2 protein chains.
Amino acid sequence: MFLQIGRLGHMSAQPLDSAEHRSGALLDHLARRMRLRSESVLAPLGLRPRHLVALTVLRAGGDTGQQALATILEMDSTNIVGLLNELEAKQLIERRRSPEDRRRHVVELTKDGAKRLSEAECALASAEDEVLGALDHAERETLYELLSRAATGTSINCAETICVTNDACRCRDAC
Amino acid sequence: MFLQIGRLGHMSAQPLDSAEHRSGALLDHLARRMRLRSESVLAPLGLRPRHLVALTVLRAGGDTGQQALATILEMDSTNIVGLLNELEAKQLIERRRSPEDRRRHVVELTKDGAKRLSEAECALASAEDEVLGALDHAERETLYELLSRAATGTSINCAETICVTNDACRCRDAC
DNA sequence: GGAATCGTCTGTGCTGCATCAACCATTTAT
DNA sequence: ATAAATGGTTGATGCAGCACAGACGATTCC
């Protein structure tokens, strides 16, 4: 901190690039705190945090080949198989062979899957309250929107997926 | 999603609570992506992601007993010891006995530690570019500020720690 | 003096995950 | 048509993060 001030020196009022503001460690820290709480909350629903991540990605991304899924989640394909097996056994997802390329399995969220995901998210309210307690509602919504955009890499889904259901959503400005 | 619309029914224009917007899974997802990239970038510096988290917390929190650290990081005390041993061996932190309660070890970031942390954060620029590529500079700064506030649990440090060095920081509105 | 607290060290075991190897179904190239 | 490449599946192996438990020294509080 003082280092930075020292470097700025004669121009301490300028918004100079703030190179040290890396979110990585904070992301890691908060994700851990959230995950620890999520585990116990999710257990009764037969889910674990990683399932939620996969379901969330599937909801956002639409139909996805599972190799593409491996890329998005940055997991090894072989581990994707096991993960999807668990989700398919609970009928939260479906694997269909792609009509275009029948080698490919297209993974899709089932109606049950979407419902279960929704339930899980509701159940996580208290966990989020503990971890994000320092942020008010609008700030959390901003956070969600930023994370969501970063995760999908595009803002295409934003208008359709988010804004329809929430009049206060800030993403209209951003979109 | 449709469930919520159904629930809203006659008042679909109201900004009702958006219960499904949970950040947990997104946090998890992005933290993972960031961590995978961080590992290789940090290795030459002799650090691992968890070290960075600890150093970041220490920088933000000032002098901290290591039991308090265990609480903040939500790690077992015994694992904290090992983590701190590694950092102390590299002289990035110091353990001093607290003058008030000499049972307690107060953990403090050394000058070298602050410097190394700063270097690491610079080195992580490209990793962050990949993961947060969908966000522009101002959005990343907003994200950092939100995560930072959530992590420290208070907004006390905000004015001192962040805003002095960055004129464009949005936290003035929030503070 | 005795009990409780903070930190340290050691060992044990579970879990997540990467990696390797072998295999089937399907598509693409020759 | 045959061979090669691709997507997916399965099983085995090994490492690392981490929780947990037990024992110990140092210090404080009653």
Side-chain angles (χ1 to χ4, degrees), chain A residues 25 27-29 31-40 42-43 46-54 57-58 63-89 93-108, chain B residues 25 27-29 31-40 42-43 46-54 57-58 63-89 93-108:
Chain A
L27 228 35
D28 224 334
H29 183 199
R32 177 184 168 83
R33 301 187 65 153
M34 195 77 88
R35 188 163 34 76
L36 288 174
R37 286 161 178 75
S38 301
E39 278 165 2
S40 55
L42 256 32
L47 294 173
R48 273 174 302 166
R50 62 155 50 135
H51 293 135
L52 220 57
V53 174
V57 166
L58 284 172
D63 296 359
T64 317
Q66 54 192 81
Q67 188 163 269
L69 203 55
T71 305
I72 295 173
L73 295 175
E74 302 204 39
M75 286 178 61
D76 195 281
S77 318
T78 61
N79 297 116
I80 294 284
V81 174
L83 186 58
L84 293 182
N85 284 348
E86 294 170 2
L87 292 174
E88 195 173 32
I93 61 153
E94 268 180 10
R95 289 191 249 218
R96 293 168 298 137
R97 300 212 83 115
S98 166
E100 303 139 3
D101 182 346
R102 291 184 40 73
R103 286 173 299 183
R104 188 171 298 166
H105 278 176
V106 169
V107 182
E108 199 185 8
Chain B
L27 229 34
D28 224 334
H29 183 198
R32 176 184 170 81
R33 301 186 67 154
M34 196 76 87
R35 187 162 35 76
L36 288 174
R37 286 161 178 77
S38 301
E39 278 164 0
S40 54
L42 256 33
L47 294 172
R48 272 172 304 166
R50 62 152 46 116
H51 294 137
L52 220 58
V53 175
V57 167
L58 285 173
D63 296 0
T64 317
Q66 54 192 83
Q67 189 163 269
L69 204 54
T71 306
I72 294 174
L73 294 175
E74 302 205 39
M75 286 178 61
D76 194 283
S77 317
T78 61
N79 296 117
I80 294 284
V81 175
L83 187 59
L84 293 183
N85 285 349
E86 295 171 1
L87 292 174
E88 196 173 31
I93 62 153
E94 267 180 10
R95 290 192 248 218
R96 292 169 299 136
R97 300 212 82 115
S98 167
E100 303 139 4
D101 183 346
R102 291 185 40 73
R103 286 173 300 183
R104 188 170 297 166
H105 278 177
V106 169
V107 183
E108 199 185 7

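Keep in mind that the numbers below use all heavy atoms, side chains included, and drop hydrogens, waters and symmetry copies. By convention in this document, chain letters (A, B, ...) are assigned in the order of the sequence lines, proteins followed by strands, and residues within each chain are numbered from 1. Everything numeric here is computed off the predicted structure, so don't read it as measured data.
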Might you point out which heavy atoms bring A:Ala54 and A:Leu83 nearest each other, and give the distance in Å? CB-CD2, 4.0 Å
Can you list everything that forms a side chain to side chain donor-acceptor pair (under 3.5 Å) with B:His29? Sequence neighbours excluded, please. none
Measuring from the side chain of A:Arg48 (C-beta onward, heavy atoms only), which nucleotide among C:dG7, C:dT15, D:dG8 has the closest atom? C:dT15
Spacing between A:Glu86 atom CD and D:dT9 atom P, to the nearest angstrom: 13 Å
With sequence neighbours left out, write down each residue that passes side chain to side chain donor-acceptor pair (under 3.5 Å) with A:Arg37, or none if nothing qualifies. A:Glu130, B:Glu74
Could you check which residues of residues 76-83 of chain A get a heavy atom under 4.0 Å from DNA chain C? Sort them by number, please. A:Asp76, A:Thr78, A:Asn79
Between D:dG8 (P) and A:Ile93 (CD1): distance, integer Å: 12 Å
Could you measure the distance from the CD1 atom of A:Ile72 to the CZ atom of B:Arg33? Nearest 0.5 Å is fine. 8.0 Å
D:dA19 phosphate, OP1 or OP2: any side-chain N/O from A:Arg32 under 4.0 angstrom? yes
Mind checking A:Glu39 for me? I need base, sugar-phosphate or nothing, with any heavy atom below 4.0 Å counting as a touch. nothing
B:Met75 side chain, from C-beta outward: closest of D:dT9, D:dA19, C:dG7: D:dA19
By side-chain contact (heavy atoms from CB on, under 4.5 Å), which residues pair with B:Gln66, not counting sequence neighbours? B:Ile80, B:Val81, B:Leu84, B:Arg95, B:His105, B:Val107
How long is the line joining CZ of A:Arg35 and P of C:dG16, in whole Å? 10 Å
Return no unless some side-chain N or O of A:Arg104 is found under 4.0 Å from OP1 or OP2 of C:dT27. no
Measure CG/A:Asp28 against C1'/D:dG17 and give the value in whole Å, please. 12 Å
Whole-Å distance separating the CG atom of A:Leu69 from the P atom of D:dT9: 11 Å
Output one letter per nucleotide in nucleotides 23-30 of chain D: B when a protein non-hydrogen atom lies under 4.0 Å from the base, S when only the sugar-phosphate is that close, - when neither is. ----BS--
Residues which pass side-chain contact (heavy atoms from CB on, under 4.5 Å) with A:Arg96, listed by chain and number, not counting sequence neighbours: A:Asp63, A:Glu94, A:Val106, A:Glu108
Return the minimal non-hydrogen interatomic distance between A:Pro49 and A:Ser38, and the atom names on each side. CG-CB, 4.3 Å
Side chains of A:Arg35 and B:Asp28 in contact at under 4.5 Å (non-hydrogen atoms): yes
Just N and O in the side chain of A:Asn85: are any of them under 4.0 Å from OP1 or OP2 of D:dG8? no
Quick one: on DNA chain C, does A:Glu74 or B:Glu88 contact a more 5' nucleotide (nearest heavy atom)? B:Glu88
